[in-house]
Amino acid sequence: MTPAEYALLISEPRIAGRVRDLAGEIIRNRGDGELCLIGLMKGSFMFMADLSRELSRRGVPLLTDVMTVSSYREDVRSSGRVSIIQDITLDIKGRDVLLIDDILDSGLTLETVRGHLHVKGAAKISVCVLLAKERPGRAGPLPEYTGFSIGTEFVVGYGLDMAGKYRELPAIYALDGGSPG
Ligand code: IMP
Ligand code: MG
């Protein structure tokens with residue numbers, strides 16, 4: 001079902017193809033041993049499900065965990081507060097970690113979580129985002145892996161929501177005009 005006032009931006013086959021390519025890139029760059037996937041909830045649940053299965057099909061041994069953070073989006077420019085609501089339970093000391101998120105916007109969420117995982121002793125931390133929004137002056141380094149670069153429009157589907165809605169859509173839709181009405 002297409003939500004009203006949204007237009008298809010990235011179709012299911014394009015997402016599936018890009019997930020396969022990303023898995024290939026990740027495999028080429030990884031070391032030996034288990035790769036520890038950490039998905040940021042709730043937005044990355046669908047992407048993580050597909051990416052982890054693709055890595056598994058190709059024989060990558062995985063450890064998986066999730067984390068929930070809240071980013072105070074209204075305040076993001078002024079205070080930049082990101083807080084951890086639910087932490088991982090795996091011990092990541094000395095681990096090769098791949099942090100997975102749905103979308104990179106200001107960069108504050110990933111910057112904060114990257115620091116947190118560093119403090120927990122991860123040996124290596126790479127970041128994989130499905131989408132990267134066009135955003136001048138973003139915080140932190142670029143993710144090691146990016147699915148698609150998009151404009152400034154607000155997007156939903158494939159895990160991304162608008163006030164809890166539309167996460168279940170199998171493709172990605174964009175709202176015209178930039179922010180939800
Ligand atoms: P950042 O800390 O500004 O990079 O925020 C990233 C988070 O904001 C993502 O994990 C999403 O939860 C949310 N977000 C940013 N842009 C969108 C969008 O277009 N649609 C839905 N959620 C978004
Ligand atoms: Mg999110």
Side-chain angles (χ1 to χ4, degrees), residues 1-12 14-15 18-19 22 26 36-52 64-88 97-119 125-181:
M1 187 218 83
T2 306
E5 79 281 334
Y6 283 84
L8 180 67
L9 184 67
I10 309 173
S11 68
E12 285 188 70
R14 277 186 73 201
I15 296 171
R18 194 67 189 111
V19 167
L22 286 169
I26 291 162
C36 182
L37 299 187
I38 299 180
L40 293 191
M41 294 294 110
K42 310 183 220 13
S44 76
F45 84 98
M46 208 175 277
F47 179 41
M48 186 186 198
D50 286 341
L51 185 63
S52 60
T64 54
D65 205 342
V66 297
M67 237 178 116
T68 304
V69 298
S70 81
S71 48
Y72 298 85
R73 293 186 55 72
E74 328 76 66
D75 293 354
V76 128
R77 279 162 205 268
S78 50
S79 68
R81 284 188 303 146
V82 175
S83 58
I84 292 164
I85 302 206
Q86 195 201 310
D87 204 349
I88 53 170
V97 169
L98 182 68
L99 178 58
I100 301 173
D101 203 8
D102 53 356
I103 186 166
L104 174 74
D105 188 9
S106 72
L108 281 166
T109 305
L110 286 168
E111 180 73 337
T112 305
V113 175
R114 217 192 248 270
H116 176 75
L117 300 178
H118 182 73
V119 169
I125 304 167
S126 310
V127 173
C128 178
V129 293
L130 177 67
L131 304 172
K133 260 190 187 179
E134 190 184 314
R135 182 77 118 99
R138 172 181 294 143
L142 280 174
E144 283 75 6
Y145 309 98
T146 298
F148 301 93
S149 295
I150 63 169
T152 56
E153 64 270 45
F154 191 82
V155 292
V156 296
Y158 199 70
L160 292 128
D161 74 311
M162 197 275 290
K165 288 170 75 171
Y166 308 132
R167 289 193 199 277
E168 73 283 7
L169 298 173
I172 296 167
Y173 295 84
L175 177 71
D176 285 339
S179 62

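No hydrogens, no waters, no symmetry mates; every other heavy atom, side chains included, goes into these values. Just follow the structure's listing: the first ligand is 1, and inside any ligand the first atom is 1.
For D161, the closest heavy-atom approach to ligand 1 falls below 4.0 Å. Heavy-atom distances between I103 and ligand 1 reach below 4.0 Å in at least one pair. Proximity of G43 to ligand 1 is not established, as no heavy-atom distance is less than 4.0 Å. For M162, the heavy-atom gap to ligand 1 stays at 4.0 angstrom or more.
Residue D101 approaches ligand 1 through these ligand atoms, each under 4.0 Å from one of its heavy atoms: 10 (O). Below 4.0 Å from some heavy atom of T109 lie the following atoms of ligand 1, by number and element: 1 (P), 2 (O), 5 (O), 6 (C). Which parts of ligand 1 touch S106 is read off a 4.0 Å heavy-atom cut-off, strictly below it: atoms 1 (P), 2 (O), 3 (O), 4 (O). Near G107, meaning under 4.0 Å from one of its heavy atoms, ligand 1 places the atoms 1 (P), 3 (O), 4 (O). Near K133, meaning under 4.0 Å from any of its heavy atoms, are these atoms of ligand 1: 16 (N), 17 (C), 18 (C), 19 (O).
On a distance-only criterion, L104 and ligand 1 share no N/O pair closer than 3.5 Å. Considering backbone and side-chain N/O of L160, none are found under 3.5 Å from N/O of ligand 1. Residue R135 has no N or O atom closer than 3.5 Å to an N or O atom of ligand 1.
Within the 3.5 Å criterion, the main-chain N or O of V127 finds a donor-acceptor partner in the side chain of E144. A donor-acceptor pair under 3.5 Å links the side-chain atoms of R18 to the main chain of G147, judged by distance alone.
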Q) Where do L40 and D102 land on the side-chain contact (heavy atoms from CB on, under 4.5 Å) test, with the steps shown first? A) CA-CA 8 Å; L40 293 191; D102 53 356; over 6 Å; no

Would you please test I15 and I172 for side-chain contact (heavy atoms from CB on, under 4.5 Å) and show each step?
-> CA-CA 9 Å; I15 296 171; I172 296 167; 3.9 Å; yes

ask   = For I10 and Y158, what are the C-alpha separation, side-chain angles and deciding distance, and is it a side-chain contact (heavy atoms from CB on, under 4.5 Å)?
value = CA-CA 10 Å; I10 309 173; Y158 199 70; over 6 Å; no

V155 vs F148, test: side-chain contact (heavy atoms from CB on, under 4.5 Å). Steps then yes/no. CA-CA 12 Å; V155 292; F148 301 93; over 6 Å; no

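Minimum heavy-atom separation, F154 to D161: CZ-O, 3.5 Å.
Residue-level proximity to ligand 1 for D102 is carried by the side chain, the only part with a heavy atom below 4.0 angstrom.
A side chain to side chain contact (heavy atoms under 4.5 Å, CB included) with S44 is found for one member of I100, L51, I38, L37 and no other, namely I100.
Remark: M67 CE to D101 CG distance equals 10.5 Å, nearest 0.5 Å.
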